[in-house]
Amino acid sequence: MKHLSVISTVAAAAILMGSVADARTLRWARAGDSLTLDPHAQNEGPTHTLAHQIYEPLLQRDMSGQIIPALATEWHVSADDPNVWVFKLREGVTFHGGETFDAEDVVFSFERSMLPDSDMKELLASVTEVRAVDSFTVEVVTDGPNPIMPSNLTNLFIMDKGWSEANGVTKPQDFEGGEETFAVRNANGTGAYKLVSRAPDDKTVLAINDAYWGTGQFPLEVTEIIYTPIQNAATRVAALLSGEVDFIQDVPVQDLARVAATDGLKVVTAPQNRVIFFGINVGDEDIAGDNVDGKNPFADRRVREAMLIAIDRSAIQKVVMRDQSIPAGVIMPPFVNGWTSELDAVPEPDIEKAKALMAEAGYGDGFSITLNCPNDRYINDEGICQATVGMLGKIGIQVNLEALPKAQHFPLINNLETDFYMLGWGVPTFDSEYIFNFLVHTKGEKYGSWNGTRYSNTELDGMIEALASETDLDKRNTMIGEIWKTVQEEIIYLPIHHQVLNWGMAEGIDFAVQPEDQPHFKFLKFTN
């Protein structure tokens, strides 16, 4: 196969003119763009999706969700020290700029990922040292044995140390602070595709890496990717129907039948490793976003329980989601270690009981509050929020909905500037510890970066931190169950549903839905 080089404008022109017979362009669209090209600045699905085409981790999950080798070929716990994971690195790999990949780049990238502005630091919270044994061997030292360390690394991308130093990006972008760095719009990875051009929220063009180590191991039938975020659902579907794009990740539920019935198109569906929920400020003594002086209604568990049972998840499933969701009772997808059907039992809506709880808590006349919601991140996100506004209104909670693009929405959570918000959470490690580290642990330097609830429980924090070094899996699973029991009893979050994925694509594309909503285009095949 003749490959397209990102630095060859002649080859690029030839492909665009169709003069290279085996060149295949994939025109890809979804509702929202990547937030940044800095691979350690944001732990967010669409951001990782674009990064996976350009950068690579040591290990990755394939299209079925199984862990496979990437920049590491072997990994094991050291025979001499149970606190050390040993990774053998792939030799002969080069970055897109021609630099040689080696252990120095891995050590640099891990240490960069552990810095304060990194949104990936919770994944390495138990790491005390990363060291290069030789050019192609790295040891990761943890504070006690960490049995699931490999699962934490599938979205932890490796950067070239020299390139980062030369371009002043040895630290991650401060995304929440609005920082702009060279790594935000430029990239130099080892992945199957090189960055050709980047216009945020408009168009990103990638081209095949003709020096990719995986040539011969992966189909690599896509030689050029044109990525166009299209926020408007009708416009996005129209682009697919007209042939303007070949693949969209988020077919709106109201258009599924139409797309599936269109000649030359198909819809591929699967449950996603993601749950949608609301976070509430349970920790502050008073909040600014309500009309109650000197108190925080959310600090009263009775109010939280009233909200939990005022939301009719079946109605949201049927009316808003057109049956393309699975109502949830816990903020944990069924894919995850720790999930049980008992934890995921869906609360039955009970307006009268909810009203009684509100009155008992002293809020019989209700109160007002702002709900912050994204409008370009999750399937029908704004529609779910609108439905919730009506449901909470039935128990006297008057909700002012503020829907914003995710680039403006997520900093509200990270900067603790919202008291009531929507969030969705996927679990790339397929283990509950990931949820606890980010969403339950007290917000601090190493943990809790996405915990906008202000919830803090030092006893629970200790249990969460102990999970990283507990090697007795039965004991560890018992600890996970105990943590979930507290989370559920405290009603820190209001679960809504497990998301279902609907990928729409041209009939001639052979591409299974990946449970994390991560299309790794090096696996894609064309059938015509």
Student: Is the closest side-chain heavy-atom distance between I226 and L26 below 4.5 Å?
Tutor: no
Student: Centroid-to-centroid, Y227 to W28, below 6.0 Å?
Tutor: yes
Student: Mind running salt bridge (Lys or Arg N to Asp or Glu O under 4.0 Å) on R198 and D33 for me, showing each step along the way?
Tutor: CA-CA 11 Å; R198 169 74 174 158; D33 199 0; 3.0 Å; yes
Student: Could you verify whether a donor N or O on one side chain and an acceptor N or O on the other, from D284 and N296, lie under 3.5 Å apart?
Tutor: no
Student: Under a 3.5 Å threshold, yes or no: a donor from one side chain and an acceptor from the other, between D62 and S64?
Tutor: yes
Student: Can you tell me how far CD of E482 sits from CG of L460, rounded to the nearest 0.5 angstrom?
Tutor: 10.0 Å
Student: Examine F278 together with F420 and report whether their ring centres are nearer than 6.0 Å.
Tutor: yes
Student: Check H409, E382, E44 against R377 for a side-chain hydrogen bond (donor to acceptor under 3.5 Å, both in side chains) and give me the one that passes.
Tutor: E44
Student: If I compare all heavy atoms of D350 with all of K353, which pair ends up nearest, and what's the gap?
Tutor: OD1-N, 3.0 Å
Student: Mark yes or no for whether S325, through its side chain, and M321, through its backbone, hold a donor-acceptor pair below 3.5 Å.
Tutor: no
Student: Can you check whether R258's main-chain N or O pairs, donor with acceptor, with T262's side chain at less than 3.5 Å?
Tutor: yes
Student: Side chains of E179 and Q173: do they bring a donor and an acceptor to under 3.5 Å?
Tutor: no
Student: Under a 4.5 Å cut-off applied to non-hydrogen side-chain atoms, are M422 and I384 in contact?
Tutor: yes
Student: To the nearest 0.5 Å, what is the distance between CZ (F438) and CG (L423)?
Tutor: 11.5 Å
Student: Checking T442 against D461: is there a side-chain donor and acceptor pair closer than 3.5 Å?
Tutor: yes
Student: Scan side-chain atoms only and decide if E402 and N372 contain a donor-acceptor pair under the 3.5 Å cut-off.
Tutor: yes
Student: Please answer whether the main-chain N or O of L416 pairs with a side-chain N or O of R454 as donor and acceptor at a distance below 3.5 Å.
Tutor: yes
Student: Considering all heavy atoms of both residues, which atom of D300 and which atom of A361 are nearest to each other, and what is their separation?
Tutor: OD2-CB, 3.5 Å
Student: Do R61 side-chain atoms and P515 backbone N/O form a donor-acceptor pair below 3.5 Å?
Tutor: no
Student: Please check this pair: side chain of Y421 against backbone of N281, looking for a donor-acceptor N/O pair closer than 3.5 Å.
Tutor: no
Student: Between D376 and R30, is there a salt bridge with N-O shorter than 4.0 Å?
Tutor: no
Student: Would you say D517 and W503 are linked by a side-chain donor-acceptor pair, where the criterion is simply a distance under 3.5 Å?
Tutor: yes
Student: So, for I230 and R236, which heavy atoms are closest and what is the spacing to 0.1 Å?
Tutor: O-NH1, 2.8 Å
Student: With the side chain counted from C-beta on, respond yes when Q60 and H520 share a heavy-atom pair under 4.5 Å apart, and no when they do not.
Tutor: yes
Student: Quick one: closest heavy-atom pair of A260 and V267, and the distance?
Tutor: N-CG2, 3.9 Å
Student: Is a side-chain donor-acceptor pair under 3.5 Å present for E122 with S449?
Tutor: yes
Student: Considering only heavy atoms from C-beta outward, does the side chain of I435 approach that of W484 to under 4.5 Å?
Tutor: yes
Student: Regarding Y455 and N457, is there a side-chain donor-to-acceptor distance under 3.5 Å anywhere?
Tutor: yes
Student: Salt bridge (Lys or Arg N to Asp or Glu O under 4.0 Å) between D38 and R112: does it pass, once the steps are laid out?
Tutor: CA-CA 11 Å; D38 188 317; R112 187 179 192 268; 2.9 Å; yes
Student: I'd like to know whether CD of E445 has more than 12 heavy-atom contacts from other residues, nucleotides or ligands below 6.0 angstrom.
Tutor: no
Student: Please round to the nearest 0.5 Å and tell me the distance separating atom NZ of K485 and atom CD of E490.
Tutor: 10.5 Å
Student: Give a yes or no on whether the backbone of E516 and the side-chain of R274 come within a donor-acceptor separation of less than 3.5 Å.
Tutor: no
Student: Working to the nearest 0.5 angstrom, can you tell me the gap between L343 CG and Q488 CD?
Tutor: 5.5 Å
Student: Is there a side-chain contact between F175 and T47 in this structure, where contact means two heavy atoms from C-beta onward sitting under 4.5 Å apart?
Tutor: no
Student: Would you say the side-chain atoms of S151 and T429 include a donor-acceptor pair closer than 3.5 Å?
Tutor: no
Student: Do side-chain atoms of R301 reach the backbone of E489 as a donor and acceptor pair under 3.5 angstrom?
Tutor: yes
Student: Tell me if a side-chain donor or acceptor on K121 pairs with a main-chain N or O of S118 at a distance below 3.5 Å.
Tutor: yes
Student: Is it the case that the side chains of Q249 and Q518 hold a donor-acceptor pair, with the cut-off being a distance below 3.5 Å and no angle test?
Tutor: no
Student: Side chains of D290 and P297: does their closest heavy-atom pair fall under 4.5 Å?
Tutor: yes
Student: Going by heavy atoms in the side chains, are Y363 and V292 under 4.5 Å from each other?
Tutor: yes
Student: Under the ring pair (Phe, Tyr, Trp, His ring centres under 6.0 Å) rule, what do F511 and F521 come out as? Steps first, then yes or no, please.
Tutor: CA-CA 9 Å; F511 206 37; F521 292 117; 5.7 Å; yes
Student: Heavy-atom distance under 4.5 Å between the side chains of D143 and V127, does that happen here?
Tutor: no
Student: So which heavy atom on Q254 is nearest to which on A233, and how close?
Tutor: NE2-CB, 4.5 Å
Student: Say you draw a straight line from CG of L256 to CG of D323; how long is it, rounded to the nearest 0.5 Å?
Tutor: 11.0 Å
Student: Does the D344 side chain pair with the main chain of A328, one donor and one acceptor, at a distance under 3.5 Å?
Tutor: no
Student: Between K295 and E285, does any side-chain N to carboxylate O distance fall below 4.0 Å?
Tutor: no
Student: Are R476 and D431 within salt-bridge range, i.e. N to O under 4.0 Å?
Tutor: yes
Student: For D474, does its backbone N or O pair with a side-chain atom of T478 as donor and acceptor, under 3.5 Å?
Tutor: yes
Student: Where does the angle between the aromatic ring planes of W450 and F410 fall among parallel (under 30°), tilted (30 to 60°) and perpendicular (over 60°)?
Tutor: perpendicular
Student: Report yes or no: do N155 and N43 form a side-chain donor-acceptor pair below 3.5 Å?
Tutor: no
Student: Of the non-hydrogen atoms in I316 and H497, which two are nearest, and what is the gap between them?
Tutor: CG2-ND1, 4.1 Å
